[in-house]
Amino acid sequence: MSDLTQRVAASMRDMPVVAILRGVTPDSVIDVAEAIFDAGIRLIEVPLNSPQPIDSIERLAAAFGDRAIVGAGTVLTTAAVDAVAASGGQLIVAPNTDVAVIERAIGRGLLPLPGWATASEALTAYAAGARYLKLFPASTYGAAHVKGVRAVLPADAHIIAVGGVGANDAAAWLDAGVIGFGVGSELYRPDRSIDDIAGRARALAAAMRPSVPT
């Protein structure tokens with residue numbers, strides 16, 4: 001297991017949340033990330049359909065170093081993987097299962113988190129080397145879907161639920177076999193103040209902690 005994989009696993013055990021900062025700008029990203037980090041969230045994703053996302057990721061990587069694990073979401077091409085790697089990002093989060101993207105991420109020493117919906121997609125992603133699998137959009141499929149697919153996945157395949165899930169239903173998803181959640185609009189929107197984002201991050205963290213496995 002790589003050092004990065006171990007760090008992601010430890011972060012997920014402590015606080016099973018990936019913060020999704022869709023729409024964040026380079027000028028605001030550090031203040032936003034600090035508010036989220038102060039609440040105990042250590043995994044931060046900047047989707048590539050945000051304004052100047054590579055600049056934001058580069059700033060995050062420089063500011064946080066090993067304190068947090070940062071990377072990109074909506075990564076659809078191998079060229080995007082290379083750009084994230086050059087910026088210092090470490091997470092490669094995608095909405096789909098693309099073997100070339102997974103393999104390029106692993107080849108660059110990054111951690112892929114590909115999207116899946118079916119058992120075939122999950123197993124394809126696993127065969128390509130991904131060990132963290134993003135069910136997306138999770139609310140469309142439900143926790144029962146995770147139970148069904150979890151039964152055929154290897155034990156070291158870890159499912160993260162993203163899309164319409166959050167603190168209110170965390171326990172049901174964890175019981176179904178999910179290890180964490182990607183949380184976007186419940187936590188961050190560009191029109192929110194830093195105080196609002198910080199309050200939401202604290203509330204999310206507090207709500208998640210009773211659900212965190214010990």
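Keep in mind that this is a model prediction, so the values were computed, not measured.
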Checklist entry - So, Glu34 and Arg67, do they make that salt bridge, N to O below 4.0 Å? => result yes

Next on the checklist: My understanding is that only residues two or more places apart in sequence, or in another chain, count here; which of them pass side chain to side chain donor-acceptor pair (under 3.5 Å) with Asp66?
Outcome noted: none

Checklist outcome for this item: So side chain to side chain donor-acceptor pair (under 3.5 Å) across residues 135-161, not counting sequence neighbours, yields Tyr126-Asp156, Arg131-Asp156

Next on the checklist: Once salt bridge (charged side-chain N to carboxylate O under 4.0 Å, His left out) is applied, what residue pairs with a partner in residues 111-121 remain, sequence neighbours excluded?
Outcome noted: none

Checklist entry - Which residues satisfy the side chain to side chain donor-acceptor pair (under 3.5 Å) test with Ser120, sequence neighbours excluded? => result none

Item to check | side chain to side chain donor-acceptor pair (under 3.5 Å) partners of residues 101-114, not counting sequence neighbours, each pair once | outcome: Asp82-Arg104, Asp82-Arg108

Item to check | Residues which pass salt bridge (Lys or Arg N to Asp or Glu O under 4.0 Å) with Glu186, listed by chain and number, not counting sequence neighbours | outcome: none

Next on the checklist: Applying salt bridge (charged side-chain N to carboxylate O under 4.0 Å, His left out) as the test, list every pair that has at least one member in residues 199-208; sequence neighbours left out.
Outcome noted: Asp196-Arg200

Checklist entry - Do Val162 and Leu43 share a hydrophobic cluster, counting only Ile, Leu, Val, Met, Phe, Trp and Tyr and linking them when any side-chain heavy atoms are less than 4.5 Å apart? => result yes

Checklist entry - So how far is it from Ile92 CD1 to Thr74 OG1, rounded to the nearest 0.5 Å? => result 11.0 Å

Checklist entry - Considering residues at least two apart in sequence or located in another chain, which fulfil the salt bridge (Lys or Arg N to Asp or Glu O under 4.0 Å) criterion with Arg189? => result Asp191

Item to check | Partners meeting side chain to side chain contact (heavy atoms under 4.5 Å, CB included) with Ala33 (sequence neighbours left out) | outcome: Ile44, Leu60, Phe64

Checklist entry - Between CD1 of Ile69 and CG of Leu111, what distance do you get to the nearest 0.5 Å? => result 8.0 Å

Item to check | With sequence neighbours excluded, residues passing side chain to side chain donor-acceptor pair (under 3.5 Å) with Ser28 | outcome: Thr25

Checklist entry - Can you list the residues that meet the salt bridge (Lys or Arg N to Asp or Glu O under 4.0 Å) rule with Asp27, with sequence neighbours excluded? => result Arg59

Next on the checklist: Rounded at 0.5 Å granularity, tell me how far CG in Leu4 sits from CD1 in Ile106.
Outcome noted: 11.0 Å

Checklist entry - Can you find a pair of side-chain heavy atoms, one from Ile20 and one from Pro47, that are under 4.5 Å apart? => result yes

Item to check | Residue among Val18, Asp14, Leu204 satisfying side chain to side chain contact (heavy atoms under 4.5 Å, CB included) with Ile41 | outcome: Leu204

Checklist entry - Is there a chain of hydrophobic side chains (I, L, V, M, F, W, Y, each step under 4.5 Å between heavy atoms) that links Val70 to Phe181? => result yes

Solution key, residues 167-176 side-chain donor-acceptor pairs under 3.5 Å, sequence neighbours excluded:
unit_1, atom_1, unit_2, atom_2, d
Asp169, OD1, Gly166, N, 3.1
Asp169, OD2, Trp173, NE1, 3.4

Checklist entry - Do Leu113 and Val99 share a hydrophobic cluster (ILVMFWY, side-chain heavy atoms under 4.5 Å, transitive)? => result no

